[in-house]
Every structure is written in C-alpha cells, then in structure tokens.
Amino acid sequence: MNRHDTSNLLSDDQIASFIISGYHIIEPDLAPGYNEEIRNSLRAMPENPGEHIVEALPAITRLLEHPAVVGTLASLLGPDYVRDPGGHIHMNPPHTRAQPWHQDERFGRSHQDRDIDHIKHLMLMYYPQDVTEDMGPTVLLPGSQRRVAAPETMVTLVNLRGQVFSTVTSGSVLVTHADIWHAGTGNRSDKVRYMIKFPFSRTQENTEPPWGHDARNIPEVRMRLDSEHPTTLSRNEYETDHALRVRTWNNIAGTAAMPLRSEAHLGGPWPESGGATTASRRRRDQP
Amino acid sequence: MKRQRILYLNAVSRSLRAPVVGFAVHEPVESDPPQIEVGVEIPYETVHSAILDGWRVVSFPAQRADGDPEAVGIFGYEFILDRIVEVDE
C-alpha cells in the first residue's frame, strides 16, 4: 500500500485515544481463510523461528502490508516508518500461568530511557485466532507508557485497577506504544493461543500531522487530553501525566501543536455543599 | 497450625483512606504465586477498609523523595498487611 494513501489513516480522536491509553486495535478485512492459513503454517513449524518470522512465514507480509495496518502505523509513526529487527512468535499452550507485568526491553536502553512524551516505537501484535478470556489474552495497563519504573518495582504488582485484556476476534491487530506495561496471561483453556509480534519505529519527526487531521477538532482533542485518565493516578501524578499527554501530541503533530497550559478543564458545574470545592480541586482533595 | 496470610495493597497515596489500585494475596500454604486474572475484583477500596476487616498493616510505604518532576513513576504506594489464620497441616 502507498503509505501516503489517506483512506485508512487514523482520526484526531483515535490519535487522542492512543496518546491517552497507549494502544489501538485494528480489525483488518483479511481475505477469507487467511487466519487459518497462518495458524496451519504455525502448527507445521518444527520450532520457533525467532526473529526470522517473515522468512519462515512469508504470508505474514500480506498482513503487514494491509492498508488498515499501514494506515495505522503511518498515522502514529509517520509515513517513513520502518520495521525493526526482532519480533517473536508467541505460542501460549493450554494450562499456563501469567507472565509478570513488564515493559519490553530494547537493546542498549535502560528502564529510564522511555519515550514518555513521544511515539517513536510501536509493537504490533497479530492474533490469528479468536482470543477469549480463558485463552491467555494479553493484558495492558492503559497510560503506563508514561511511567518510568525499574523492573524490580513491578514484582509485587499483580491485579491492577484499570487493567484491560485483549480479548479479540481472529485476525485482530493490537498496536501498542512500545513502553506500555503488559503481560501474557495464563491460558486456562484447552486451545493454543498464537500471537505474532513485530516492532516498528519512526525515522523522521513530523512537520505536519500524518494522520487524518482537521484543525476544527483541536478543542475536542484538547478536552480529552486535559481530562481523561485511563487509570487512577497518584495525587502528585495528575499534572505530570497531563503535561506528558499534551507534550506527546505536540511531539507528533508538527504545526498542529497546542499550548501546554489550558484552563478549559476548570469549567463545569458549581460544587455541591459537603463535597470538593471545584471539579479541578476534586482530584487534589482525595486522600 | 497458625500462619501468616499476606495481603499487598497498592494505594494512590500513603494515606490509609486513599483508593486502592492493586492487590495480591499470598496464602500461607504451598501454592503458586498469585497471578493476573480476568474478572478479579479488588477486595478493598482503601487500606482502612482492610483494617476494619481484621487485617494488620505490617509495612507502610516509605515517604518518597521528590522524584523527577518530568516523569510519572511506579504504580501506587505499597502497604503490606497480614492476618493470622489456622492452616491444616
């Protein structure tokens, strides 16, 4: 697909959602039988090919070049994005246990070297079969791509408020910020769950929004970036997280950047007797 | 035989009344560690609620020094609680 084709680009609203939560799900209209073809090829593999996925599974190229996939990647990373070395076929056999929460490591980077206010690297995860709750769906913590945390601080974390499970239909593609906290969960079913993962990166900074941008949407985008919190944040994290969301937009939006400060979210209904003083104070007044 | 049942609660601040955003229970028997699971409900809204239910706090989260003001850090403040339970040997 031509990466400059605008027919499958994300909208301003979808870009805002990705910035806030750190993931996007695509359901490409794949050819009939495609997912089954991939599953059959995976079952026939004598061993995991490691990062040589395309060589071992040439049909996967049709997915990577699908217009809906290309449009999403071009929207988030710019049209000059590249597929990085690496990638992995995850086979989650029946009756396994969950992985612990983690961020993927990238060679040469420490846990402090994260893209907390930018979208430079993505992970693409393709599921060639339905994934139900008992088949070990990938779990994500929305918004966690903005957290800088050493791996040892995660070891006691198990079930977290706001965690989401990627229960998806066959052929779905989950695209995440490369730094989002995630884990494969336990497969309690009698079925194998496959997932094929590829890393992608940006090569150029944007001078204009590479997605389907319309300047008239800026106020709505701004309201969402100012007010939506995908998980409960610590009291002192609200302002920092808010600033990081706006900075992420500015770092990918080129000339469509917006002022860092906004007071629009301070509006709203008058406070009620006995409660917090204003909508903006409410978050600060929690214990 | 009496043994210590352990509950980790992660709250959004060091306050006992702060919302809890994560938990894990470690049973005092030979068992696999707790794991991420679909449909699990956080058992207490606050650490204070857990105390009212009979849990004792055995470890309070440390006061954090000012971190990097440009970054959001680890997820929540970790309280560790215990409760002594009778276990069949």
Side-chain angles (χ1 to χ4, degrees), chain A residues 96-101 111-112 114 116-117 132-139 141 143-165 167 181-186 188 231-245 247 283 286-287, chain B residues 5-27 31-51 57-82:
Chain A
T96 55
R97 291 184 51 77
Q99 294 178 318
W101 286 105
H111 76 267
Q112 293 176 314
R114 299 287 175 184
I116 58 175
D117 64 357
T132 54
E133 288 186 346
D134 61 345
M135 286 175 65
T138 305
V139 62
L141 185 63
S144 57
Q145 70 275 12
R146 287 183 289 277
R147 293 186 176 276
V148 177
E152 58 265 32
T153 65
M154 297 186 201
V155 296
T156 57
L157 299 177
V158 184
N159 286 290
L160 306 178
R161 192 180 301 282
Q163 64 191 17
V164 296
F165 295 86
T167 52
W181 294 18
H182 65 281
T185 60
R188 293 179 282 112
T231 56
T232 308
L233 293 166
S234 300
R235 185 175 170 179
N236 58 350
E237 291 174 342
Y238 275 99
E239 295 305 328
T240 302
D241 197 70
H242 169 218
L244 292 174
R245 290 194 295 270
R247 278 164 45 182
R283 63 176 184 262
Q286 70 180 17
Chain B
R5 193 173 185 225
I6 294 292
L7 170 64
Y8 286 81
L9 290 180
N10 294 83
V12 298
S13 82
R14 296 175 67 243
S15 168
L16 297 178
R17 311 294 182 122
V20 167
V21 292
F23 84 101
V25 177
H26 292 261
E27 301 293 348
S31 58
D32 291 324
Q35 63 176 334
I36 305 166
E37 292 185 83
V38 177
V40 171
E41 297 284 335
I42 294 178
Y44 300 105
E45 288 297 312
T46 65
V47 176
H48 188 255
S49 300
I51 293 170
V57 180
V58 295
S59 174
F60 287 87
Q63 179 73 282
R64 291 182 196 162
D66 283 344
D68 180 355
E70 296 285 291
V72 183
I74 64 175
F75 194 71
Y77 289 74
E78 184 177 88
F79 292 78
I80 306 175
L81 302 91
D82 83 347

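Protein chains get the first letters and strands the later ones, always in sequence-line order, with residue 1 at the start of each.
- For the set A:T156, A:L157, A:D117, A:T167, the count of heavy-atom pairs under 4.5 angstrom toward chain B peaks at A:T156.
- Residues of residues 40-49 of chain B having a heavy atom under 4.5 Å from any heavy atom of chain A, listed by number: B:V40, B:I42, B:E45.
- Applying the salt bridge (charged side-chain N to carboxylate O under 4.0 Å, His left out) rule to A:R245 yields the partners A:D241; only residues at least two apart in sequence or on another chain are considered.
- Across every non-hydrogen atom of B:F79 and B:S13, the tightest pair is CE1-O, 3.8 Å.
- When all heavy atoms of B:P34 and B:V25 are compared, the closest pair comes out as CG-O, 3.5 Å.
- Ranked by non-hydrogen atom pairs under 4.5 Å with chain B, the options A:R97, A:M154, A:R146, A:E133 are led by A:R97.
- Taking the six-membered ring where the residue is Trp, A:W101 and A:W181 present tilted rings, their angle falling between 30° and 60°.
- Between B:R14 and B:F60 there is no side-chain heavy-atom pair separated by less than 4.5 Å.
- The side-chain heavy atoms of B:L16 and B:I51, taken from C-beta on, include a pair separated by under 4.5 Å.
- With a 4.5 angstrom heavy-atom cutoff, B:F75 touches chain A via backbone and side-chain atoms both.
- Residue contact with chain B, scored on non-hydrogen atoms closer than 4.5 Å, involves the backbone of A:Q99 exclusively.
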Apply the test side chain to side chain contact (heavy atoms under 4.5 Å, CB included) to residues B:H26 and B:R5: give CA-CA distance (whole Å), side-chain angles for both, the deciding distance (0.1 Å), then the verdict. CA-CA 6 Å; B:H26 292 261; B:R5 193 173 185 225; over 6 Å; no
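- No part of A:S144 comes within reach of chain B, as not one of its non-hydrogen atoms sits under 4.5 angstrom from that chain.
- Between B:F23 and A:N159 the shortest side-chain heavy-atom distance falls below 4.5 Å.
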